[in-house]
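Heads up: the structure comes next, in structure tokens.
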Number of protein chains: 2
Amino acid sequence: MEQTIRKNTVKKKRLGAQPAASTVTEVAKRAGVSVSTVSRILNGTARVSDDKRRSVERAIEDLNFKPNVLAQSLKSGQSMTIGVITQAVESPFFNELLKGIEEGLQGSGYASLMASGHWNSQSEIERIRLLIARRVDGIILLTGNLNNEQILDLASQTPIVAVGHTAHSDNAASIFIDSRMGGYLATKHLISLGHRRIAHIQGPQEQHDASNRLHGYKMALEEAGIAFDEDLLAQGDFIEPGGLMAMNRLLDKGVSFSAVFCANDQTAYGARLALYRRGIRVPEDMSLIGFDDLPMSSYTTPPLTTIRQPVYEVGQTAAKRLLRLIRGEGAESVNLNVELVIRESTRRLG
Amino acid sequence: MEQTIRKNTVKKKRLGAQPAASTVTEVAKRAGVSVSTVSRILNGTARVSDDKRRSVERAIEDLNFKPNVLAQSLKSGQSMTIGVITQAVESPFFNELLKGIEEGLQGSGYASLMASGHWNSQSEIERIRLLIARRVDGIILLTGNLNNEQILDLASQTPIVAVGHTAHSDNAASIFIDSRMGGYLATKHLISLGHRRIAHIQGPQEQHDASNRLHGYKMALEEAGIAFDEDLLAQGDFIEPGGLMAMNRLLDKGVSFSAVFCANDQTAYGARLALYRRGIRVPEDMSLIGFDDLPMSSYTTPPLTTIRQPVYEVGQTAAKRLLRLIRGEGAESVNLNVELVIRESTRRLG
DNA sequence: AAACGTAATGAAAACGTTTTCAAACACAGC
DNA sequence: GCTGTGTTTGAAAACGTTTTCATTACGTTT
């Protein structure tokens with residue numbers, strides 16, 4: 001894999017190349033004023049005579065002085081940094097959230113420190129502790145396996161906005177998305193198209209979102225008077241390979257069904273491939289519906305019918321609320337609705 | 001969209017909930033020793049008698065003391081943070097890189113600050129300056145539109161590892177991927193399958209990767225004695241919508257062709273949809289090849305033949321090299337090779 | 001001319017660490 | 001009992017800011 005290698009000369013003194021960063025003291029000296037005066041000019045925190053201002057400004061220019069944020073943070077107790085706990089950096093779902101957060105933080109002066117929890121509550125807590133140790137001013141928690149008690153406990157140390165949770169206190173706000181309703185809507189859509197034998201590929205059982213979607217699926221069946229059939233349930237893992245294998249298992253079982261509700265879009269992509277491999281056409285022979293409305297779902301063949309979560313907006317909202325929490329303005333928790341988007345992977349039976 | 005809202009009581013004193021973080025001074029006081037002793041125990045930097053050690057450890061336990069990283073950073077001049085400049089958080093390509101970086105940073109004690117350049121050299125420089133102002137210990141630059149001179153200039157202020165560039169100095173290393181070779185391999189593959197009329201949907205012209213891939217395409221054509229035909233070139237934008245529209249334009253032109261080399265996988269996804277819409281089958285009627293080998297490309301219908309870049313490994317390598325650069329150990333620049341992965345979207349003509 | 005208010009400025013303390021330096025102490029050897 | 005050696009320890013300085021407090025200078029009022 002390696003083609004060409006150019007080797008650097010090893011440097012002994014690592015700071016050799018960098019021009020030593022200048023300090024407020026040097027600026028003061030060069031301008032012939034006290035450090036207090038420099039600071040006042042920097043922050044506009046008091047008036048200072050025009051001639052001093054000018055000479056200080058020149059000194060700043062000359063030395064290319066930039067205040068040391070670390071020192072400012074130490075003094076002020078604010079790091080101007082927030083922590084973000086994601087579960088899987090490589091997942092399109094989380095990235096859409098991150099994009100929203102970035103946008104929500106725009107122009108606030110805050111930067112974000114990223115860490116992955118990998119769907120593991122132990123590792124989540126560990127990462128959060130790490131972020132707190134770094135003195136982040138607040139944390140955005142993107143789903144995960146923590147329970148409300150744990151979240152509120154952590155929130156006693158730093159403000160938290162938790163996406164996909166319902167924890168709520170003075171120092172914690174949540175943004176909850178109604179997965180159960182989503183599962184219900186997805187299944188109901190299939191039923192309304194005349195399907196009666198509807199399979200479900202579920203997500204990891206320990207995740208709330210997964211069990212809520214399953215619950216919604218059952219609700220819709222029950223409402224339509226269709227008995228829940230254990231044989232039509234297959235276990236997925238929220239990513240493509242699981243969807244592929246689950247669909248294969250379903251097909252191999254020999255039970256008949258005409259539609260599948262997949263716990264998320266990535267699962268549906270996997271299931272789609274399994275069908276393609278067997279020459280089962282979508283939507284002619286089998287209807288397929290996902291959950292999330294990832295950007296890619298508009299571009300699958302055929303484009304995927306799915307349940308849309310306002311992912312981007314959620315990220316944005318989370319960031320905004322965290323800023324409010326940090327400013328001590330309190331924040332509301334909010335439940336967001338989910339919406340059916342009909343594309344071309346579902347079709348009337350018959 | 002908003003369903004339920006619970007409002008927080010507005011807090012006046014924002015720190016109300018947090019137990020005031022304890023300091024090394026308090027620990028010292030409680031343990032009846034000096035702060036120096038506490039520090040020594042914390043860092044194992046000198047021996048201290050067993051009884052003092054025990055009482056200090058108890059005090060730390062009692063007060064739940066965690067050293068303030070900000071203060072440590074100020075003292076040491078190391079923020080234990082690196083900056084990462086990505087171009088688009090929401091892109092699967094960049095996320096694969098980020099995943100690699102996260103993995104490469106594992107256990108190093110470094111955390112990463114994220115910022116997006118949005119393919120805009122001005123905004124890239126601005127973000128980098130911001131990161132430098134925050135005293136990051138180094139920066140990983142993921143592609144982008146900066147030229148080598150600009151990169152080397154920035155590298156005089158902080159160590160930089162630049163992915164997709166060739167800048168190299170004592171304080172900068174690059175990881176370069178041979179896009180031209182990739183374009184060549186992709187086109188050659190199509191030629192070897194008997195295709196002669198091969199279209200290309202190119203990426204944004206100002207990006208090196210895009211023009212290199214185009215260059216490789218032309219090289220392969222020339223080698224095979226096929227004249228380059230301007231009519232078979234269409235402009236894309238590295239994302240799906242551009243691929244869709246470009247393919248439509250190509251088709252509408254009425255020129256005939258049997259294969260398309262797309263500048264990246266996302267472009268291929270878009271092109272695929274355009275073909276689907278017109279009932280043109282892949283690969284029976286049209287061969288399609290992409291570039292990147294995104295995770296999704298194994299799951300499209302049909303799975304996409306593409307040029308694989310070792311994206312994840314690149315991220316990992318970038319992180320590792322940056323750590324070396326930071327430690328002043330120097331670092332090598334490296335060119336990585338690219339590889340053809342044949343799936344089911346290309347087929348022998350005839 | 002004395003008294004006073006106001007505006008501009010600087011010295012010093014503070015944020016929470018780490019590290020240098022010197023002092024205190026213990027113990028052995030003479 | 002004195003010197004020397006080595007180990008533990010604490011005081012204080014330093015990192016680069018911001019902010020409090022006191023001082024100076026100046027113009028105004030009586």
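Naming convention: chains lettered A, B, ... in sequence-line order (proteins, then strands); numbering from 1 in each chain.
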message: Can you see whether Ser34(B) engages Thr37(B) through a side-chain donor-acceptor pair at a distance of less than 3.5 angstrom?
response: yes
- request: Using distance alone, with no hydrogens and no angle criterion, decide if Ser174(A) and His168(A) have a side-chain donor and acceptor under 3.5 Å apart.
  value: no
- prompt: Does a donor on one side chain and an acceptor on the other come within less than 3.5 Å for Asp51(A) and Ser49(A)?
  reply: yes
query: Listed by chain and number, what are the side chain to side chain donor-acceptor pair (under 3.5 Å) partners of Lys66(A), not counting sequence neighbours?
result: Asn64(A)
message: What contact category does Val48(B) fall into here, base, sugar-phosphate, or nothing, at under 4.0 angstrom with non-hydrogen atoms?
response: sugar-phosphate
message: Checking the side chain of Ser73(A) only, and the main-chain atoms of Ala71(A) only, is there a donor and an acceptor separated by less than 3.5 Å?
response: no
query: With a 4.0 Å cut-off on heavy atoms, is Arg47(B) in touch with a base, just the backbone sugar-phosphate, or nothing at all?
result: sugar-phosphate
Test item: side-chain donor near acceptor, Thr166(A) and Asn148(A), under 3.5 Å: yes
statement: Quick note, ring pair (Phe, Tyr, Trp, His ring centres under 6.0 Å) partners involving residues 114-156 of chain B, not counting sequence neighbours, are Phe94(B)-Trp119(B)
message: Arg30(B): which residues meet the salt bridge (charged side-chain N to carboxylate O under 4.0 Å, His left out) condition with it, sequence neighbours left out?
response: Asp62(B)
Shorter than 3.5 Å, N or O on both sides, protein versus nucleotides 23-25 of chain C: list them out with atom names.
none

- request: Apply side chain to side chain donor-acceptor pair (under 3.5 Å) to Asp153(B) and list each qualifying residue two or more places apart in sequence or on a separate chain.
  value: none
- prompt: If you draw a 6.0 Å radius around CD in Glu206(B), do more than 12 non-hydrogen atoms from other residues or ligands fall strictly inside?
  reply: yes
task: Could I get the full list of side chain to side chain donor-acceptor pair (under 3.5 Å) partners for Glu103(B), not counting sequence neighbours?
output: none
- request: Starting from the first five and the last five pairs of the helix from dA1(C)-dT30(D) to dC30(C)-dG1(D), work out the angle between the resulting helix axes, to 10 degrees.
  value: 70°
Residue-level proximity of residues 55-75 of chain B to DNA chain D when a heavy atom falls under 4.0 Å: Leu74(B), Lys75(B)
message: Checking Arg134(B) against Thr81(A): is there a side-chain donor and acceptor pair closer than 3.5 Å?
response: yes
statement: Sorted by chain and number, sequence neighbours left out, side chain to side chain donor-acceptor pair (under 3.5 Å) with Glu102(B) holds for Ser116(A)
Nearest-nucleotide comparison on DNA chain D, the residue closer to the 5′ end among Lys52(B) and Ser76(A): Lys52(B)
query: Residues in side-chain contact (heavy atoms from CB on, under 4.5 Å) with Ser76(B), at least two apart?
result: Gln78(B)
- prompt: Do the non-hydrogen side-chain atoms of Leu97(A) and Leu142(A) ever get within less than 4.5 Å of each other?
  reply: yes
- line: The first and last nucleotides of DNA chain D lying within contact of chain B, meaning any atom under 4.0 Å from one of its heavy atoms, run from dT8(D) to dG16(D)
- line: In numerical order, the residues of residues 30-39 of chain A whose heavy atoms come under 4.0 Å of DNA chain D are Ser36(A), Ser39(A)
